[in-house]
There are 2 protein chains.
Amino acid sequence: MKLTREKVLAAALVLVEENGVQGLSMRKLAAAVGVEAMSLYNHVPNKDAVIDGIAELVIRRMALPEPTGDWKADLRQLANAFRAAATRYPHAAGLVLTRQLGSNASLAGTNAALSALRGAGFDAEEAVHALRAVLAFLVGTVLREVESGPAFDGADPVGVAQREAELLASPFPAVAESAPFLASCEHDREYEFGLDLLLAALEFRRTGSGPGRSS
Amino acid sequence: MKLTREKVLAAALVLVEENGVQGLSMRKLAAAVGVEAMSLYNHVPNKDAVIDGIAELVIRRMALPEPTGDWKADLRQLANAFRAAATRYPHAAGLVLTRQLGSNASLAGTNAALSALRGAGFDAEEAVHALRAVLAFLVGTVLREVESGPAFDGADPVGVAQREAELLASPFPAVAESAPFLASCEHDREYEFGLDLLLAALEFRRTGSGPGRSS
DNA sequence: TCCCTTGGACTTACACCGTAAGTATCCCGG
DNA sequence: CCGGGATACTTACGGTGTAAGTCCAAGGGA
């Protein structure tokens, strides 16, 4: 079976998901595709290119939603798709979020988001600013989600309780008051909250009037 | 002169800023403090701890602003301080933004932000959500800022022009329309835009009525 | 005063890493 | 049928993180 760049990258992705990014080495990758280390260099210039390729592969596997014509719903679904694509490969997600995406791979998503914003009445420049604001929030949120250990997502009640106790004992009054909410982090809720905030602000900016109190 | 953990971390930070994170090795770090590699292990358990320590050091050097009583101004100044601290060490910034901060180092900043939000009328839980939304945006923005090469910040006009041409030639109409604005990225403006958006949304959520059109 | 504990620095060693350079093998177009 | 290009393998080098053991100087108790 002939080796291809695509197969190398696919194997690298599963290897990263199994062992973490640190656990990826050219020798292990070669073994995973049934080859000696140096043979990989026929398909890939060096290890950095492999890592770039993994990030590219992850976003290439992102499923773009169909536009509905409702710009807020469309933007939200695009954000959902991005988040789903990244969290699907928790170990590789950091790579996607960290390096700015090699143009071509993410242009389709960029285009979809800009279309929705243009349809909402933003001009070509404002649409870019709005997109970048939402994307920055998205990157920060997803990064927190994939990097935070299990002590944060509520799946480890003892860790959460211990953390809450530490925060309560801290010399910072506002931290102590909010300790129960700081000690854990429901990623879904934080994501929805922030996205609602941004979409509401964009709608306000667009129409000059706010929506009803957000649900 | 006796070696201490603190001196090791300080040396590691300057070394990272000189050579990038990849360029940091225990041997080089040891040489920088005038010692053999293995001696470092008397002060630091392993390399990961060094890297964690660098991130901690960077945020420990963040200068917290004085509270003014105006919650939006206070939040903005805190965000400015965070951004300034991170961009001061571009190579180390990725470390700070990537790993969730070891509790104690960032608690003072967390407390200041929560205080401002509590003062604005948010309850202990909403304040945490608001803080996390702003922080996520901040992380995403600063990450983009420190990772994007010089082809993006406008300092490399030929790179920007080339990039704009590529975008114009892409098969995505909304991308082509916004090409001049996608081709470069003024980090200050994007930061202000997104932060304004979030603060406006928070104010709206707090009072039930929007501010006048922003700036 | 002497000794002995202790802690920090040094030395050696190992397994592994990315990859430059050279060599063998296979397949396919002429 | 054969020659050349692509692909895979082998060897080798300098670098990495760190486990294990050695050595020495400073400080406290007898």
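Not measured: the values here are computed from a predicted model. Naming: A, B, ... by sequence-line order, numbering from 1 per chain.
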[N] phosphate, OP1 or OP2: any side-chain N/O from [X] under 4.0 angstrom?
X	N	value
S25(B)	dT16(D)	yes
S39(A)	dT7(D)	no
H43(B)	dG7(C)	no

- prompt: So, E177(A) and R118(B), do they make that salt bridge, N to O below 4.0 Å?
  reply: yes
Residues, nucleotides or ligands: over 12 heavy atoms within 6.0 Å of E186(B) CD: no
Grab the [atom1]-[atom2] distance between [X] and [N] for me, whole Å please.
X	N	atom1	atom2	result
K28(A)	dA15(C)	NZ	P	16 Å
L29(B)	dG15(D)	CG	P	17 Å
Y41(A)	dT11(D)	OH	P	18 Å
K7(A)	dT7(D)	NZ	C1'	13 Å
L40(A)	dA6(D)	CG	P	19 Å
M38(A)	dC13(D)	CE	P	15 Å
D48(B)	dT16(D)	CG	P	16 Å
L24(A)	dT19(C)	CG	P	11 Å

statement: Of the candidates dT19(C), dA8(D), dC9(D), the side chain of E36(A) sits closest to dC9(D)
- prompt: Which nucleotide in the set dC17(C), dG18(C), dT16(D) lies at the smallest distance from any side-chain heavy atom of K47(A)?
  reply: dG18(C)
field: Side-chain donor/acceptor contact of R27(B) with base of dG17(D) under 3.5 Å
entry: yes
Quick one, [X] and [Y] - any side-chain contact, counting heavy atoms below 4.5 Å?
X	Y	answer
R61(A)	Y89(A)	yes
F122(A)	V128(A)	no
Q77(B)	E66(B)	no

